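What follows is a set of notes on a single structure, which appears directly below.
Bear in mind that the values here come from a model prediction, so they are computed numbers and not experimental data.
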Amino acid sequence: MPPSDRIRDHAGQGATTVAAHRARRRLRADQARQLADLLRHQVLAGGFPDGALPHETVLAADYRASRNTVRQALDLLRAEGLVDRLPGVGTVVVARKYPHGLDRLMGLAETLREHGTVTNEVRTMGPAPAPAPVAERLRVPAGTDVLYIERLRRLNGLPLSLDLTYIPLDIGTALLGADLENTDVFRLLESITGQRLGHAEITLEAVNADAHSAAVLEAPRGAAVLMLERLTHLADGRPVDLEFIRFRGDRITMSGLLHRSL
């Protein structure tokens, strides 16, 4: 074989080896992500009541995975702040996420009443001209004053969400003297209007925390937060509460029960 052919042949074998190595790394990364998803569910569901995960060798045997895959999966959970590795102890759960249901219309204190006390720090409150998108959704003329409220909400003293709320002023005026620090707005709205809340339209997406939100929530700047946009209506259909809620993604998990219909 001419030298040039031998060089090309060797180069081809090298390229094949590199491609195979990259494929193995991608496969292990995929497997690690799948394992991390399974372990995350167990962590959040209280599957490790003593707070410690099984040893890596046990996890590898239980999930038929290599030790390297297990280590990568645990690294992913550590990066999320859910677990940590302690010398002489092993991998332990260091953070907790709280469940927030999406299949019932409830205030935050109602939703999390089994998990502790929700308190509210009212950072801003007062009349403000409604921006056009807000006015349209609340069905008031653009520029009309609405009640604007910004609250930092804590669960057991830890920052959980930053809520920006817009309420039509004919209803919102009655909130100015209400105990917003210890009472959900939903309960106050029902008391003021004499009506039950009926339904809400929601949108949920992940966004990066801006400097202000990150500082208030005591989260790293640019950290992912869950943004819940919710427009709540009274039982008669009138929209009364437009909210933009930024949840710390490391402290909340959203869940719901869905039924299939065609």
Side-chain angles (χ1 to χ4, degrees), residues 97-113 118 120 122-153 155 160-175 178 180 183-210 212-213 216-217 224-249 251-262:
K97 289 192 177 186
Y98 297 93
H100 187 297
L102 293 176
D103 42 16
R104 295 185 64 190
L105 183 55
M106 299 169 60
L108 190 65
E110 296 172 320
T111 300
L112 299 177
R113 63 182 179 273
V118 172
N120 311 309
V122 180
R123 297 174 54 81
T124 303
M125 183 177 184
V134 171
E136 180 181 359
R137 301 198 68 187
L138 289 176
R139 300 178 193 165
V140 299
T144 299
D145 277 356
V146 294
L147 181 66
Y148 172 73
I149 310 170
E150 177 180 308
R151 293 171 296 160
L152 170 62
R153 314 196 71 182
L155 177 62
L160 183 64
S161 72
L162 179 62
D163 298 13
L164 312 182
T165 304
Y166 300 89
I167 298 173
L169 200 57
D170 63 313
I171 295 174
T173 299
L175 291 175
L180 288 174
T183 312
D184 277 338
V185 167
F186 279 2
R187 286 190 176 275
L188 295 171
L189 289 175
E190 290 181 327
S191 175
I192 291 167
T193 63
Q195 287 193 58
R196 299 280 291 176
L197 296 176
H199 70 279
E201 304 155 14
I202 64 172
T203 302
L204 182 65
E205 60 181 321
V207 300
N208 292 330
D210 59 274
H212 170 71
S213 299
V216 173
L217 290 170
V225 296
L226 289 175
M227 164 74 85
L228 177 67
E229 179 182 328
R230 181 171 61 198
L231 177 62
T232 303
H233 302 251
L234 293 173
D236 64 7
R238 180 186 176 186
V240 292
D241 183 354
L242 176 61
E243 296 176 281
F244 298 88
I245 306 172
R246 291 168 171 82
F247 288 101
R248 279 193 54 151
R251 292 181 178 162
I252 202 81
T253 180
M254 300 290 180
S255 62
L257 177 65
L258 304 179
H259 296 277
R260 180 172 174 80
S261 61
L262 299 175

Evaluate the criterion side chain to side chain contact (heavy atoms under 4.5 Å, CB included) for residue pair Glu190 and Leu197; output intermediate values, then yes/no. CA-CA 7 Å; Glu190 290 181 327; Leu197 296 176; 3.8 Å; yes
Please evaluate residues Thr111 and Tyr98 with respect to the criterion side chain to side chain contact (heavy atoms under 4.5 Å, CB included), reporting the C-alpha separation (whole Å), side-chain torsions for both, the decisive distance (0.1 Å), and the verdict. CA-CA 10 Å; Thr111 300; Tyr98 297 93; over 6 Å; no
Chi angles and distances behind the side chain to side chain contact (heavy atoms under 4.5 Å, CB included) call for Leu147, Thr173: CA-CA 7 Å; Leu147 181 66; Thr173 299; over 6 Å; no
Trace of the side chain to side chain contact (heavy atoms under 4.5 Å, CB included) decision for Leu102 with Leu204: CA-CA 10 Å; Leu102 293 176; Leu204 182 65; 4.3 Å; yes
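Between Leu155 and Arg251, every side-chain heavy-atom pair lies at or beyond the 4.5 Å cut-off. Side-chain contact between Glu150 and Leu162 is present, with at least one heavy-atom pair separated by less than 4.5 Å. Here the side chains of Val240 and Leu234 are in contact, with some heavy-atom distance below 4.5 Å. Between Asp184 and Arg153, the closest side-chain pair of non-hydrogen atoms falls below 4.5 Å. Between Thr144 and Leu138, every side-chain heavy-atom pair lies at or beyond the 4.5 Å cut-off. Counting only heavy atoms from C-beta outward, the side chains of Phe244 and Met227 approach each other to under 4.5 Å. Contact of the Ile167 side chain with the Val146 side chain is not registered, since no non-hydrogen atoms from C-beta on lie closer than 4.5 Å. Two residues are said to be in side-chain contact when any heavy atoms from C-beta on lie closer than 4.5 Å; Leu180 and Leu188 meet this criterion.
For the pair Ser191 (side chain) and Arg187 (backbone), a donor-acceptor distance under 3.5 Å is absent. At least one donor-acceptor pair under 3.5 Å links the side chain of Arg248 to the backbone N or O of Leu217. Proximity of a side-chain donor or acceptor of Thr193 to a complementary backbone N or O of Leu189 within less than 3.5 Å is detected. Listed for the Asn120 side chain is no donor-acceptor partner under 3.5 Å among the backbone atoms of Arg151. Of the possible polar contacts, none joining the Lys97 side chain to the Met254 backbone as a donor-acceptor pair under 3.5 Å is found.
Taking each heavy atom of Ala135 and Ala142 in turn, the nearest pair found is CB-CA, 3.6 Å. Annotation for Ile192 and Ala174: closest pair CD1-CB, 3.6 Å, computed over non-hydrogen atoms. Residues Tyr148 and Leu164 share a closest heavy-atom pair of OH-CD2, 3.4 Å. Between Arg139 and Gly237 the shortest heavy-atom distance is NH1-O, 3.7 Å. Considering all non-hydrogen atoms of both residues, Pro131 and Tyr166 come closest at CD-CE2, 4.4 Å. The minimum heavy-atom distance between Asp241 and Glu243, with the atom names listed, is OD1-CG, 3.0 Å.
Between His100 and Phe247, the angle of the ring planes goes over 60°, which puts this pair in the perpendicular group of the 30/60° scheme.
Atoms CG and CG, from Leu160 and Leu152 in turn, are 9.0 Å apart once rounded to the nearest 0.5 Å. Rounding to the nearest 0.5 angstrom, the gap separating the NE2 atom in His212 from the CZ atom in Arg123 is 5.0 Å. To the nearest 0.5 Å, the span separating CZ on Arg238 from CG on Asp236 amounts to 8.0 Å. A distance of 5.5 Å separates CD1 of Ile149 from OG1 of Thr165, quoted to the nearest 0.5 Å. Separating the CD1 atom in Ile252 from the CG atom in Leu108 is a distance of 6.5 Å, to the nearest 0.5 Å.
A side-chain donor from one of Ser161 and Asp163 sits under 3.5 Å from a side-chain acceptor of the other.
The local environment of CD in Glu110 is crowded, with over 12 non-hydrogen atoms from other residues, nucleotides or ligands closer than 6.0 Å.
Taking a cutoff of 4.0 Å between a charged side-chain nitrogen and a carboxylate oxygen, Glu201 and Arg137 qualify as a salt bridge.
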